[in-house]
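Below: one structure, written as structure tokens.
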Amino acid sequence: MKQMKYLLDEEEIPKAWYNIQADLPTPLDPPLNPATKEPIRPEDLARIFPMELIKQEVSQERWIPIPEEVRDVYRIWRPTPLYRALRLEKALKTPARIYYKWEGVSPPGSHKPNTAVAQAYYNMKEGVQRLATETGAGQWGSALAFGTMLFGLKCTVYMVRVSYDQKPYRRIMMETWGAECVPSPSNRTEYGRRILKEDPNNPGSLGIAISEAIEDAATHDDTKYALGSVLNHVMLHQTVIGLEAKRQLEIAGDYPDVIFGCVGGGSNFSGLVFPFLADKLSGRKPELRAVSCEPKACPTLTKGPYMYDFGDSAAMTPLLKMYTLGHCFVPPPIHAGGLRYHGDAPLLCKLTHEGYMEAVAYHQTEVFQAAKLFAETEGFVVAPETSHAIKAVIDEALRCRETGEEKVILFNNSGHGHFDLAAYDAFLRGKLIDYEYPEKLVQEAIAKVPKV
Ligand SMILES: *Cc1c(COP(=O)(O)O)cnc(C)c1O
């Protein structure tokens with residue numbers, strides 16, 4: 001009988017994170033100070049991030065040791081299982097071998113605590129009392145609430161107003177773990193008060209919530225800011241996923257031909273793919289393909305230009321070199337809330353720009369169809385974000401059926417969809433609307449990005 005899942009022992013939780021910066025053919029373009037257009041200095045970031053994370057952000061060391069206290073927390077759910085999707089393969093009648101790493105087993109239900117726990121730890125070590133952050137639908141906020149609770153920090157989560165009103169379950173989770181959840185825009189910050197004055201019923205956006213959380217951190221000495229994706233240190237922490245998967249595939253006697261992952265800010269996919277991309281960068285696996293999967297409604301990698309832009313809509317963050325839809329981008333209301341960010345991680349963008357990675361985009365209806373087939377075969381009801389990767393995997397497996405190729409396909413199953421059942425309901429009732437973000441709006445938004 002074929003083996004269905006590959007499990008590792010607790011001692012096999014990686015002891016170091018893999019830093020792909022050490023292996024890039026050319027260095028990453030640095031973040032810029034928007035006023036001077038000069039590279040940001042580490043001191044500029046010290047008000048909102050702890051020193052250790054700032055060091056990791058720019059580190060060129062290939063391996064960064066994972067503190068024992070962080071590994072000890074990882075033991076709650078890591079190593080995560082690697083599954084062979086035997087039932088999906090059978091349903092598709094494909095000769096391809098499909099594997100997936102299952103990150104939905106963490107207490108918050110996604111990959112996000114891999115970095116939330118590490119960030120909470122380093123802040124605690126440096127005497128920080130409280131972390132401030134933003135959250136859309138609540139995935140990141142709940143992961144940080146979990147991480148801060150374990151290391152005795154307070155946590156304030158600015159949650160986008162519409163989600164706060166419409167999606168109470170993740171808020172309740174955050175509060176259960178002891179975090180304070182504030183609907184954004186709020187009257188806690190200068191920026192929030194300004195927005196509420198213009199429109200007391202402003203529904204909020206991720207960009208506004210980021211700006212509020214940064215302002216909170218910058219104006220309180222005991223408080224720092226935490227970001228759940230995009231930054232180099234977040235990609236770094238997520239590499240535990242790929243490092244474990246590599247070991248598990250070794251046990252299975254396989255190596256991927258193609259790797260898929262959904263991309264919102266890029267962290268779950270980078271975390272899986274970077275340890276494998278090391279083999280492509282070094283020339284050992286020149287044929288390896290890595291494909292980012294995103295919504296057609298927020299087509300950052302497939303339609304955005306590669307240029308410097310702000311990370312937030314209030315234009316307060318440093319300028320980051322990335323594919324972007326413009327920091328003023330207003331995302332259409334699709335159900336994959338975690339994939340609606342206007343930019344993507346500079347590391348993933350650079351590797352895409354230089355041809356080491358590719359990207360595809362899908363409509364939400366086809367993505368939910370794929371998620372339904374996955375639930376019917378593999379059993380797991382996955383997050384709408386993750387479903388983008390599953391759509392790509394199914395398409396690839398069907399191509400293999402045509403050609404007879406026994407390709408090895410790997411993807412990151414980044415989280416469960418137990419709090420997204422209203423979206424499944426809309427799909428099942430035929431109420432989902434597909435939306436393609438028009439090229440013209442991309443051009444208009446890009447015109448508002450400062451020239452570097
Ligand atoms: C947040 C989230 C994503 C998107 O964020 P990335 O940084 O691109 O990984 C994807 N899947 C799940 C389950 C998420 O919670």
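Just so you know, these numbers come straight off a predicted model, no measurement behind them. Every number for a ligand or one of its atoms is a count from 1 in the order of the listing.
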Inset, instruction - Establish, from distance only, whether the side-chain atoms of Glu244 and Tyr6 form a donor-acceptor pair under 3.5 Å. - result: no
Inset, instruction - Please determine, by modelled atom types, if Asn114 and His237 share a side-chain donor-acceptor pair under 3.5 angstrom. - result: no
Legend entry - Ring centres under 6.0 angstrom apart (Phe260, Phe411): no
Inset, instruction - Anything with a heavy atom under 4.0 Å from ligand 1 counts, so go ahead and list those protein residues by chain and number. - result: Ser110, His111, Lys112, Gln139, Ser229, Cys262, Val263, Gly264, Gly265, Gly266, Ser267, Asn268, Gly338, Leu339, Ala383, Glu385, Ser414, Gly415
Inset, instruction - Could you tell me whether a side-chain N or O of Ser59 sits under 3.5 Å from a main-chain N or O of Glu61, the two making a donor and an acceptor? - result: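 Yes, Ser59 side chain to Glu61 backbone: donor-acceptor pair under 3.5 Å.
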Inset, instruction - Look at the side chain of Glu89 and the backbone N and O of Ile98, then say whether any donor-acceptor pair between them is shorter than 3.5 Å. - result: yes
Inset, instruction - Scan for salt bridge (Lys or Arg N to Asp or Glu O under 4.0 Å) pairs involving residues 254-277, sequence neighbours excluded, and state none if there are none. - result: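 Counting only pairs at least two positions apart or across chains, the salt bridge (Lys or Arg N to Asp or Glu O under 4.0 Å) contacts touching residues 254-277 are Arg97-Asp254.
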